Amino acid sequence: MKLSDNKATLSFSNGRPAIELPVYSGNIGPEVIDIRKLYGQTGMFTYDPGFLSTASCQSAITFIDGDKGELLYRGYPIEQLATQCNYMETCHLLLYGNLPGAAAQTAFVKNVKYHTMVNEQMQFFLRGFRRDAHPMAIMTGLVGALSAFYHDSTDINNAEHREVAAIRLIAKMPTLVAMAYKYSVGQPFMYPKNELSYAGNFLHMMFATPCEPYVVNPVIERAIDRIFTLHADHEQNASTSTVRLCGSSGTNPFAAIAAGVACLWGPAHGGANEACLQMLEEIQASGGISKVGEFMNQVKDKNSNVKLMGFGHRVYKNYDPRATLMQETCNEVLEALGLQDDPLFKLAKAVEKIALEDDYFVSRKLYPNVDFYSGIVQRAIGIPVKLFTGIFALARTAGWIAQLNEMISDPEYKIGRPRQLFTGSPRRDVLPIANR
Ligand code: SDX
């Protein structure tokens with residue numbers, strides 16, 4: 001970042017002397033006002049719950065222009081990465097800052113494949129869960145449990161250890177998600193098959209059984225790989241910020257990623273695709289497209305607490321470019337599977353059209369986000385609704401660990417410790433219980 005010739009002056013109406021705050025600029029995007037010395041100079045904090053106007057860090061990984069609906073991973077537009085590259089190339093790009101050449105790609109994929117198995121002890125963690133446990137509860141436990149297997153071999157201040165942890169996490173997430181699925185359906189776990197692609201191997205571990213050969217459908221393999229790429233990273237979203245804050249204490253990287261999994265589960269964040277599909281199924285069950293108007297009235301009624309899941313975004317005030325690509329992927333998969341008349345997909349497109357013509361959504365700049373179509377395509381592939389967010393966590397692991405490693409390799413980083421505006425009781429003395 002570079003010091004801007006622009007300065008910020010903060011003046012006070014109560015006679016307190018004005019102060020000048022430095023302004024920094026990055027390569028693209030908004031400038032920042034450096035408030036690091038504000039408390040020291042004024043005894044005052046800034047106040048920004050939800051961090052609507054706060055840059056928590058500097059990063060070179062992902063850039064979003066919410067007004068333009070632009071998403072860049074290390075400068076490359078998501079539209080190009082999702083159609084011209086695969087998820088493994090995207091992981092290399094996020095981790096190392098460049099798209100690999102053929103030799104580097106071969107070496108990277110081989111390295112990831114070498115780490116796809118998990119310790120045999122991991123299966124015993126699953127046995128503690130009920131078969132109907134939510135997969136995100138299981139994933140939070142399993143990813144946290146990985147820290148027990150690599151705790152003493154992970155010195156986060158050692159760049160090589162950080163790289164191995166990144167490869168292990170990217171390699172093992174598909175195995176863990178597939179194990180969570182197999183456990184829920186009472187089928188045996190399938191070991192990774194390293195001759196398959198990353199996406200093909202995931203489909204194999206999910207849907208193969210020991211009884212007969214499993215052939216990966218190339219259209220579905222491509223779709224799953226694209227879903228991974230579209231979800232790989234997204235700047236300082238809630239779960240990435242959780243991973244950074246958790247990791248800033250110097251904790252084990254597997255534990256920090258487990259914190260990200262836990263945060264992603266929420267319906268306002270990664271849990272939205274599951275919630276969106278449930279919303280569409282409810283509308284369908286209540287009468288389908290003819291009932292959309294009634295549902296929209298509920299959404300617009302503040303007291304209903306009903307949201308149009310899969311719509312709206314803190315940053316995008318235009319189309320989420322991932323939603324457009326996800327809709328295309330949805331079309332391709334449904335066509336390939338002969339499901340182009342899928343009623344839910346038709347309903348989703350009708351809901352989108354109605355919302356985009358409704359002033360409530362237009363005036364609030366609410367557009368479809370990545371979660372609006374992702375549930376429909378995953379359902380068509382045969383992925384159970386409750387596993388959608390587990391797939392999101394699998395894909396986002398590359399971004400989480402790239403952001404965590406970027407933070408730790410920054411010599412300026414320190415433990416995150418926000419302050420507060422205190423609205424509780426001033427000092428008071430304890431009275432004996434007889435006097436309370
Ligand atoms: C992800 O941050 C990321 O990058 C996240 C993510 C990633 O890749 O990591 O992109 C993934 O989390 C996508 C978002 C998935 N969530 C959903 O689809 C859930 C539904 N969306 C909303 O909950 C909401 O839009 C948020 C949480 C996504 C964003 O909320 P904000 O920015 O805090 O905005 P807000 O809640 O203040 O809403 C502004 C207005 C409000 O109305 P008013 O008070 O101004 O009258 O818009 C309304 C909100 O009520 N609104 C919605 C709405 N989203 C916002 N009204 C109906 N339906 C919605 N979906």
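Remember, predicted model here, so these are calculated numbers, not experimental data. Both ligands and their constituent atoms are indexed starting at 1 by order of listing.
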Identify, with sequence neighbours excluded, every residue that meets ring pair (Phe, Tyr, Trp, His ring centres under 6.0 Å) alongside Y150. F254

Between Y183 and F129, is the gap from one ring center to the other below 6.0 Å? no

State whether E332 and R226 are salt-bridged, where the test is any N-O pair (Lys NZ or Arg NE/NH1/NH2 against Asp/Glu carboxylate O) under 4.0 Å. yes

Give a yes or no on whether the ring-centroid distance for H313 and H234 is below 6.0 angstrom. yes

Side-chain ion pair, D155 and R162, N-O less than 4.0 Å: no

Between T140 and W265, a side-chain donor and acceptor under 3.5 Å: no

What residues sit with at least one heavy atom under 4.0 Å from ligand 1? H234, N237, P267, A268, H269, A272, V299, K302, K307, L308, M309, G310, F311, G312, H313, R314, R322, Y360, R364, L366, N369, D371, F392, R396

